[in-house]
Protein chains: 2
Amino acid sequence: MTVAGCLPKGAAYQVVQREILSRIRNKVWPPGTRIPGEIDLAAEFGCARATISRALRELAEAGVLERKRRAGTRVTLNPVRRAMLEIPMVRQQVAETGRAYGHDLLFRAVEAPPEAIRARLGLAVGVRMLHARCLHRADGRPFQTEDRWINLEAVPEAAGIDLTTTSANEWLIREMPLSSAETSLSAAAATDAEAALLGCPPGAPLLDIERTTWLGDLPITTVRLLHPPGFRVVGRV
Amino acid sequence: MTVAGCLPKGAAYQVVQREILSRIRNKVWPPGTRIPGEIDLAAEFGCARATISRALRELAEAGVLERKRRAGTRVTLNPVRRAMLEIPMVRQQVAETGRAYGHDLLFRAVEAPPEAIRARLGLAVGVRMLHARCLHRADGRPFQTEDRWINLEAVPEAAGIDLTTTSANEWLIREMPLSSAETSLSAAAATDAEAALLGCPPGAPLLDIERTTWLGDLPITTVRLLHPPGFRVVGRV
DNA sequence: ATTGTCATTATGACTAGACATATCTGTCAA
DNA sequence: TTGACAGATATGTCTAGTCATAATGACAAT
């Protein structure tokens, strides 16, 4: 672990990463600079090329560097801010803050989805889906409303679940692991019905999280989650 | 690239990842299962341990697996949904959709921050900060309001910028690369002043993105961005 | 001026083997 | 029964080297 006389704090590839980040910060390598190749850096840091390669690969994944074969490695010119949001299952989210979780099933039917939902999932005209509406509670108080459509062609078993005991979300996470999803966040004004459910005045600003989930190419479910005023989603970089 | 008779689609470590994901999905290895060790998998897939190691390491970073020395590798029991939001600079965000970007500086002063801001950044009582308010436009129409506080103790140069030509955000990204940040999203009702700026009715639901940035331990800036109704932030997993 | 060919070059992936280190387990002694 | 210690084990990291592949730039042919 001989890394150019550095105090060896942590693994060598991390020492390399810290040194590179420090050079970028201190404008030794300003944005846009082409930095030395892996072989040169390996020589400088006194380690194998694979070690440098790992350090650079991870920095590239983080968006700090841009790598291209033959062209070399450059410091990213216009870095994008990335926020990693962790959206846990409602039950855990509530339990983490030490409150009691509960949920009410408000509505359940197998019916034809509205055109917008059908198109979003790319399903055939005339398809019927499982539609469920639900209110999640923390210590009895409204925490989140859920309006979910499930593609029964992809998950026919979903038709048989007792949604009053297991929430659809939990069932889906347990039975359909590793799906890919698109999440979008926006602000919406509470309709009269939503206001009544969430216990806030009509027109109040709600945080609206919508998520559509696929397993491979197969659309599974799309859900709209509404949160009462004051709710925040926090992410760190 | 001999990977157990597989059609070699992509790199070996990716083939391994796909196979592992498929086993988890198909309940060959249900959540909680301890999967075979790296050496066994290397033998099964006919590749080196380093290749298996990389495949598993990345799946662990993605939250699919949990790894512990001596204890082995297990399929994560309660996977968390992660949404990766990319929040580009306003200028790019507007330009990407083919609209013309513009911004107006509404306010600029060096003054004492409100208590909440001061505490959020962990600064001393009585500190003075650069305070700027700004309206960003797309094709002339209001796109985003910005209310920013900059820690002049950390970035004294910021006092000298001409904020009418360069927006504070762009200057900070260019001059202070690689800072860490905490981002939070919520919904807020438009005040009368905000409504006037954004061209929406008072009380309209706005998406509120707040971000606080540090360079190491040093707080740099905190900003509140408000977006008119209809604005969405989209993230993929 | 344009197109095609080809060597060069830097990254990307991989192997076989080594040592490091956290952690679990069983054993033995206080 | 409890605690301390030693061994086993699985992951974590690293090396030195090989082969693969994408992109570039120079040069030649059209």
For a quick test of reading the model: is some side-chain N or O of [X] closer than 4.0 Å to OP1 or OP2 of [N]?
X	N	result
Arg67(B)	dG12(D)	yes
Thr73(B)	dA10(D)	no
Lys68(B)	dT9(D)	no
Tyr13(B)	dA13(C)	yes

Check your understanding: Mapping Ala50(B) and Ile35(B) to their closest nucleotides on DNA chain D, which lands nearer the 5' end?
Key ->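 Result of the comparison: Ile35(B).
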Point to revise | Position toward the 5' end of DNA chain D (nearest nucleotide), Ala48(A) or Arg69(A) | key: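 Between the two, 5'-proximity favours Ala48(A).
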Point to revise | Arg91(A) with Glu170(A): basic N within carboxylate O range, under 4.0 Å | key: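 Looking at Glu170(A) together with Arg91(A), the answer is yes, because their closest N to O distance falls below 4.0 Å.
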Check your understanding: Does the pair Glu38(A)/Arg67(A) count as a salt bridge with the N-to-O cut at 4.0 Å?
Key ->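 Judged by the 4.0 Å cut-off on N to carboxylate O distance, Glu38(A) and Arg67(A) do form a salt bridge.
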[X] [atom1] - [N] [atom2] separation (whole Å):
X	N	atom1	atom2	answer
Arg74(B)	dT23(C)	CZ	P	15 Å
Ile52(B)	dG12(D)	CD1	C1'	15 Å
Glu38(B)	dT9(D)	CD	P	16 Å
Gln17(A)	dC14(D)	CD	C1'	15 Å
Ile39(A)	dG12(C)	CD1	P	13 Å
Arg34(B)	dT9(D)	CZ	P	11 Å
Glu58(A)	dT11(C)	CD	C1'	16 Å
Leu41(A)	dC14(D)	CG	C1'	17 Å

Exercise for review: Kindly confirm or rule out a cation-pi arrangement of Arg54(B) over Tyr13(B), judged by NZ or CZ under 6.0 Å from the six-membered ring centre and within 45° of its axis?
Suggested key: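 Flagged: Arg54(B) positioned over aromatic ring of Tyr13(B).
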Check your understanding: Are side-chain N/O atoms of Ser180(A) and Arg236(B) paired as donor and acceptor at under 3.5 Å?
Key ->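 Side-chain D/A pair, Ser180(A) to Arg236(B): absent.
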Review point. Do Arg70(A) and dG12(C) have a side chain to base donor-acceptor pair shorter than 3.5 Å?
Key: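 No.
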Review point. Between dA13(C), dA10(D), dT15(C), which one does the side chain of Thr51(B) approach most closely?
Key: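 Of the candidates, dT15(C) comes closest.
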Check your understanding: Picking from dT13(D), dT18(D), dT24(D), which would you name as closest to the side chain of Arg49(A)?
Key ->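 Between dT13(D), dT18(D), dT24(D), the one nearest the side chain of Arg49(A) would be dT18(D).
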Practice item. Look at all strands and tell whether Ser53(A) reaches a base, only sugar-phosphate, or nothing, counting heavy atoms closer than 4.0 Å. Key: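 No contact at all - Ser53(A) keeps every heavy atom at 4.0 Å or more from the nucleic acid.
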Practice item. Return yes when atom CG of Asp217(B) has more than 12 non-hydrogen atoms of other residues, nucleotides or ligands closer than 6.0 Å, and no otherwise. Key: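 Count not over threshold, so no.
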